[in-house]
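Single-structure report; data block below.
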Protein chains: 2
Amino acid sequence: MALTQRPGADHCGIAAAMSVIDGKWKVSVLWELEQCPRRFGELRRLVPGVSEKVLAAQLRELETDGIVHREVYEEVPPRVEYSLTPLGHELNGALEALGAWGTKHLLTDAAQPVPM
Amino acid sequence: MALTQRPGADHCGIAAAMSVIDGKWKVSVLWELEQCPRRFGELRRLVPGVSEKVLAAQLRELETDGIVHREVYEEVPPRVEYSLTPLGHELNGALEALGAWGTKHLLTDAAQPVPM
DNA sequence: CAGTATCCAGTTGGATACTG
DNA sequence: CAGTATCCAACTGGATACTG
């Protein structure tokens, strides 16, 4: 992933955080899981464009980093549910400031309506 | 850059913000410029490992996105100073939450000392 | 000094077929 | 259903030489 190995990382935790959310679809996955737990196939549909290989890979990374929990139900047909860990929810919270900044300055959301 | 073109972007400004800070050295550059304006050569030294080509490219992108200001002084030898715009400072502010999360959970900073 | 121009290499991500 | 295994294409970033 492109954001891995950021040498300037020492001074703060930003680089560390970036490496965790680095991956083309991770923030989308985080966003979907914020609402409720999802199965693999659901995520695949909710995150349009992602391939099975990459979705699986990024889910594993998020799991390894302690952001998502993977619950396997031993049934037929197989069922696996992904959900955010408390750490994952905290991460989403930290991401909110960034999202607010992006929405405010980048998405130029139709200009705030004049309060009358 | 790897974070560009995030289809799940619609729901919030996170993806938009990510695309702005996407690039292996951008957060390091932002960090250095937060302190004070810097010249090209200074940044090259302050951000160890970055090549001239990539530093120039990422500075141009940050400039295009309105994050950094590029001031050219017509002298000999040439001098160019990069500084953060107000928008850039705001971005750094938004990044702080992420940095705090990363520092707290990822850098495992020697464990918070027991308050006695 | 502050870049630009080339060429090259590593890595991420895409498409598809196959498996438990 | 929930992946894994392959092969492949695109892109970012690295090293270096050259220029205004």
Side-chain angles (χ1 to χ4, degrees), chain A residues 1-9 15 18-30 32-33 37-65 68-83, chain B residues 1-9 15 18-30 32-33 37-65 68-83:
Chain A
M1 325 242 123
L3 297 184
T4 48
Q5 287 285 67
R6 288 169 176 272
M18 298 282 287
S19 72
V20 168
I21 57 175
D22 178 35
K24 193 172 178 179
W25 313 97
K26 284 188 184 173
V27 294
S28 295
V29 168
L30 257 44
E32 296 302 337
L33 294 183
R38 299 289 190 183
R39 301 177 59 174
F40 186 85
E42 283 184 292
L43 286 174
R44 194 146 149 49
R45 263 172 279 116
L46 289 166
V47 182
V50 69
S51 69
E52 295 179 333
K53 185 192 78 169
V54 174
L55 178 56
Q58 307 207 347
L59 281 170
R60 297 306 171 134
E61 290 183 10
L62 289 170
E63 188 191 357
T64 298
D65 290 330
V68 310
H69 171 68
R70 181 169 179 268
E71 184 75 37
V72 181
Y73 298 88
E74 296 295 348
E75 319 169 343
V76 268
R79 182 162 64 101
V80 177
E81 275 193 353
Y82 295 91
S83 56
Chain B
M1 329 241 122
L3 297 183
T4 47
Q5 286 287 67
R6 288 170 176 272
M18 296 283 287
S19 73
V20 167
I21 56 174
D22 178 36
K24 192 171 179 180
W25 314 95
K26 284 187 185 173
V27 293
S28 295
V29 168
L30 256 44
E32 295 302 336
L33 294 183
R38 299 289 189 184
R39 302 177 59 173
F40 185 85
E42 282 184 293
L43 287 174
R44 194 146 149 52
R45 265 172 279 115
L46 289 167
V47 182
V50 68
S51 69
E52 295 179 334
K53 186 191 78 169
V54 174
L55 178 56
Q58 306 207 347
L59 281 169
R60 296 306 171 133
E61 290 183 10
L62 288 171
E63 188 190 359
T64 298
D65 290 330
V68 309
H69 171 69
R70 181 168 178 268
E71 185 73 36
V72 181
Y73 297 88
E74 297 294 349
E75 318 170 343
V76 266
R79 183 162 63 103
V80 178
E81 276 193 353
Y82 294 91
S83 56

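Note that this is a predicted model, so its numbers are computed, not measured. For the numbers below, each heavy atom of this structure counts, side chains included, while hydrogens, waters and symmetry mates do not. Sequence lines set the chain letters: A, B, ... in the order given, protein chains first and strands last, and positions in each chain run from 1.
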Discussion item. Heavy-atom nearest nucleotide on DNA chain D for A:Pro77 versus A:Ala56: which residue maps closer to 5'?
Written reply: A:Pro77
Worksheet item: Can you tell me how far C1' of C:dC1 sits from CZ of B:Arg45, to the nearest Å?
Response: 10 Å
Discussion item. In whole Å, I'd like the distance from the CG atom of A:Leu59 to the P atom of D:dC1.
Written reply: 17 Å
Discussion item. Restricting to side chain to side chain donor-acceptor pair (under 3.5 Å), what partner residues turn up for A:Glu75, sequence neighbours left out?
Written reply: A:Arg79
Fill in: Closest listed nucleotide, where the reference is the side chain of B:Val80 and the choices are C:dG14, D:dA2, C:dA2
C:dA2
Each nucleotide N or O in nucleotides 15-20 of chain C that has a protein N or O under 3.5 Å away: list the pair and distance.
residue : atom : partner : partner atom : Å
C:dA17  : N6   : A:Glu52 : OE1          : 3.2

Item to complete: May I have the distance from B:Glu71 (atom CD) to C:dA2 (atom C1'), rounded to whole angstrom?
Response: 15 Å
Worksheet item: Excluding sequence neighbours, so at least two apart, what forms side chain to side chain donor-acceptor pair (under 3.5 Å) with A:Glu71?
Response: A:His69
Practice prompt. With sequence neighbours excluded, tell me which residues meet side chain to side chain donor-acceptor pair (under 3.5 Å) with A:Arg70.
Written response: A:Tyr82
Worksheet item: Where each pair must be Watson-Crick or G-U wobble with both distances under 3.5 Å, what dot-bracket representation of DNA chain D is obtained, with crossing pairs in [ ] and other-strand partners as |?
Response: ||||||||||||||||||||
Practice prompt. Report the C-alpha separation of B:Met18 and A:Val27 in whole Å, then their side-chain angles, then the decisive distance to 0.1 Å, and conclude whether the side chain to side chain contact (heavy atoms under 4.5 Å, CB included) test is met.
Written response: CA-CA 9 Å; B:Met18 296 283 287; A:Val27 294; 4.1 Å; yes
Worksheet item: Does A:Phe40 reach the side chain of A:Leu55, with side-chain heavy atoms less than 4.5 Å apart?
Response: yes
Worksheet item: Roughly, in whole Å, what's the span from OH in B:Tyr73 to C1' in C:dG3?
Response: 18 Å
Worksheet item: Can you check whether A:Leu43 reaches A:Leu59 side chain to side chain, under 4.5 Å on heavy atoms?
Response: yes
Worksheet item: Distance check: side-chain N/O of B:Gln58 vs OP1/OP2 of D:dG13, anything under 4.0 Å?
Response: yes
Discussion item. Applying salt bridge (Lys or Arg N to Asp or Glu O under 4.0 Å) as the test, list every pair that has at least one member in residues 39-50 of chain A; sequence neighbours left out.
Written reply: A:Arg38-A:Glu42, A:Arg44-A:Glu52
Worksheet item: Taking only N and O in the side chain of B:Arg39, is any of them less than 4.0 Å away from OP1 or OP2 of C:dA2?
Response: yes
Worksheet, complete the sentence: From CH2 of B:Trp25 across to C1' of D:dT12 the rounded distance in Å is 12 Å
Discussion item. What is the separation between atom NZ on B:Lys26 and atom C1' on D:dG13, rounded to the nearest whole Å?
Written reply: 13 Å
Worksheet entry | Residues which pass side-chain contact (heavy atoms from CB on, under 4.5 Å) with B:Pro37, listed by chain and number, not counting sequence neighbours | B:Glu81, B:Ser83
Item to complete: Go through D:dG3, C:dA2, C:dG14 for me and flag the one nearest to the A:Arg60 side chain.
Response: D:dG3
Response to the item:
Taken to the nearest whole Å, CG/A:Asp22 to C1'/C:dG10 is 15 Å
Fill in: Nearest-neighbour nucleotide for the B:Val54 side chain, D:dG13, D:dC1, C:dC1 considered
D:dG13
Worksheet item: Quick one: is D:dC1 close enough that its OP1 or OP2 comes under 4.0 Å of any side-chain N or O from A:Tyr82?
Response: no
Item to complete: Check the distance between C:dA2's P and B:Arg38's CZ and give it to me in whole angstrom.
Response: 13 Å
Discussion item. Any non-hydrogen side-chain atom of A:Val50 less than 4.5 Å from a side-chain atom of A:Gln58?
Written reply: no
Item to complete: For A:Glu32 and A:Val47, indicate whether the former's side chain and the latter's backbone hold a donor-acceptor pair under 3.5 Å.
Response: no
Discussion item. Taking 4.0 Å as the cut-off, does a side-chain nitrogen or oxygen of B:Arg70 come that near to OP1 or OP2 on C:dG3?
Written reply: yes
